[in-house]
Amino acid sequence: YRLARIDLLEPRGLETVIAEHPDDLLEAVAPGGGYLWVKYLRNAQNKIYKYDYEGNRQADVPLPAIGSVPSFGCKDREQEIFFSLNTFTEQLFFESSDGEHVPMFVSHRRGLRLDGSNPCYLYGYGGFQINITPAFKPEHILFMEQGGVVVNVNLRGGSEYGERWHKAGMLDRKQQV
């Protein structure tokens with residue numbers, strides 16, 4: 001996706017403000033404090049950047065951990081951005097049968113030894129351009145407190161990596177998601 005503007009008094013066409021990124025998915029834009037705050041999805045996790053109104057990137061907004069940002073915003077005259085962050089323990093990648101690197105998020109109780117003996121709740125979805133990003137799920141707490149490991153896999157078919165990723169999980173390619 002890209003961010004574009006149009007002059008409503010003289011609508012001659014769209015002017016691109018922020019071009020489509022070749023790898024990252026533009027998910028949201030919020031104005032505030034004289035800037036545009038832009039949320040991208042990169043490697044199935046969110047990144048936030050500060051842009052001016054001409055589309056020039058001014059700064060990266062450091063997040064305290066990897067994860068997804070379900071909501072963010074800034075008041076008109078403020079330079080602070082407020083956001084919520086859902087995070088998992090770590091992000092890992094594995095290689096699929098056709099060589100593609102597929103991301104997954106792993107969450108477990110702190111200090112748990114991952115030696116293969118723990119029960120695992122494995123969830124994966126890839127379809128209809130739906131992103132599966134880190135999210136807090138209260139139902140996982142008891143499972144993890146008892147030594148369980150929760151794994152969310154970002155299968156092809158979603159839009160975590162844009163249209164190429166989405167199309168790679170469609171039709172005759174379902175065996176490779």
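Side chains are part of it too, since the values below use all heavy atoms of this structure and drop only hydrogens, waters and symmetry mates.
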Subject >> Test log, rule side-chain contact (heavy atoms from CB on, under 4.5 Å), inputs F94 and H101 >> reply: CA-CA 6 Å; F94 65 91; H101 281 65; over 6 Å; no

Subject >> side-chain contact (heavy atoms from CB on, under 4.5 Å) between K47 and V69, worked out >> reply: CA-CA 8 Å; K47 303 291 182 186; V69 177; over 6 Å; no

**OP:** May I have the step-by-step check of side-chain hydrogen bond (donor to acceptor under 3.5 Å, both in side chains) for E160 and N43, ending in yes or no?
**Re:** CA-CA 7 Å; E160 288 88 350; N43 287 329; over 6 Å; no

Subject >> From CA spacing to verdict: side-chain contact (heavy atoms from CB on, under 4.5 Å), V106, V150 >> reply: CA-CA 6 Å; V106 180; V150 176; over 6 Å; no

**OP:** Show your working on side-chain contact (heavy atoms from CB on, under 4.5 Å) between Y123 and I132 and close with a plain yes or no.
**Re:** CA-CA 10 Å; Y123 178 80; I132 303 299; 4.2 Å; yes

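Taking CG of L155 as the start and OH of Y125 as the end, the distance is 10.0 Å to the nearest 0.5 Å. Rounding to the nearest 0.5 Å places CZ of R109 at 8.0 Å from CD of Q146. Between the CH2 atom in W165 and the OG atom in S159 there is a gap of 11.5 Å [rounded to 0.5 Å]. With values rounded to the nearest 0.5 angstrom, E100 atom CD is found 8.5 Å from Y161 atom OH. To the nearest 0.5 angstrom, N86 atom CG is 11.0 Å from S107 atom OG. Atom OG in S71 sits 8.0 Å away from atom NZ in K39 (nearest 0.5 Å).
Checking D115 against S117 by side-chain atom types alone, a donor-acceptor pair falls below 3.5 Å.
Residues passing the side-chain hydrogen bond (donor to acceptor under 3.5 Å, both in side chains) test with R12 are E10, sequence neighbours excluded. For H140, the ring pair (Phe, Tyr, Trp, His ring centres under 6.0 Å) partners two or more places apart in sequence, or in a different chain, are Y121. Taking the ring pair (Phe, Tyr, Trp, His ring centres under 6.0 Å) definition, one finds that Y35 meets it with nothing, sequence neighbours left out. In this structure, the ring pair (Phe, Tyr, Trp, His ring centres under 6.0 Å) partners of Y49, at least two apart in sequence or on a different chain, are Y40.
N154 contributes no side-chain N or O that, together with a main-chain N or O of A44, makes up a donor-acceptor pair within less than 3.5 Å. Judged purely by atom type and a 3.5 angstrom limit, Q58 uses its side chain to pair as donor or acceptor with the backbone of N56.
Shown here for F72 and A28, the closest heavy-atom pair between the two residues is CE2-CB, 3.7 Å. Between G147 and N118, the shortest heavy-atom distance links the atoms O-ND2, 3.2 Å. Across every non-hydrogen atom of S96 and V102, the tightest pair is CB-CG2, 4.1 Å. When all heavy atoms of S68 and A135 are compared, the pair lying nearest together is OG-N, 4.4 Å. The nearest pair of heavy atoms linking P119 to F143 is O-CZ, 3.7 Å. Nearest heavy atom pair, residue N46 against residue L63, reads O-CD1, 3.3 Å.
In the hydrophobic clustering of this structure, L26 does not group with I48; members are Ile, Leu, Val, Met, Phe, Trp, Tyr whose side-chain heavy atoms approach within less than 4.5 Å, directly or through other members. Cluster annotation: L112 and L122 are assigned to the same hydrophobic cluster (Ile/Leu/Val/Met/Phe/Trp/Tyr, side-chain heavy-atom contacts under 4.5 Å, transitive). No path of Ile, Leu, Val, Met, Phe, Trp and Tyr side chains, each step under 4.5 Å between heavy atoms, connects V38 with V61, placing them in separate hydrophobic clusters.
Cluster partners of M170 are L171, counting Ile, Leu, Val, Met, Phe, Trp and Tyr whose side-chain heavy atoms approach within less than 4.5 Å, directly or via other members. Using a 4.5 Å cut-off between side-chain heavy atoms of Ile, Leu, Val, Met, Phe, Trp and Tyr, L9 forms no hydrophobic cluster with any other residue. Taking a 4.5 Å side-chain heavy-atom cut-off between Ile, Leu, Val, Met, Phe, Trp and Tyr, the cluster of I141 extends to F136. When hydrophobic residues (I, L, V, M, F, W, Y) are linked wherever their side-chain heavy atoms come within less than 4.5 Å, the members clustered with I6 are L8, L14.
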For residues 16-25, which side-chain donor-acceptor pairs fall under 3.5 Å, sequence neighbours excluded?
unit_1, atom_1, unit_2, atom_2, d
T16, OG1, R2, NH1, 2.4
H21, ND1, D23, N, 3.0
H21, ND1, D24, N, 3.0
D24, OD1, R42, NE, 3.4
D24, OD2, R42, NE, 2.8
D24, OD2, R42, NH2, 2.8

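Each of T89, I66, V151 was evaluated against F105; a single residue qualifies, I66, per the side chain to side chain contact (heavy atoms under 4.5 Å, CB included) test.
Under the salt bridge (Lys or Arg N to Asp or Glu O under 4.0 Å) criterion, the residue pairs touching residues 84-98 are D98-R156, with sequence neighbours excluded. Residue pairs satisfying the salt bridge (Lys or Arg N to Asp or Glu O under 4.0 Å) criterion with at least one member in residues 53-64, sequence neighbours excluded, are listed as follows: R5-E54, R57-D60. Applying the salt bridge (Lys or Arg N to Asp or Glu O under 4.0 Å) test to every pair with at least one member in residues 127-152, sequence neighbours left out, gives no pairs at all.
In this structure, Y51 places its OH atom where more than 12 heavy-atom neighbours from other residues, nucleotides or ligands lie under 6.0 Å away. By the 6.0 Å contact criterion, OH on Y53 is enclosed, its count of non-hydrogen atoms from other residues, nucleotides or ligands being greater than 12.
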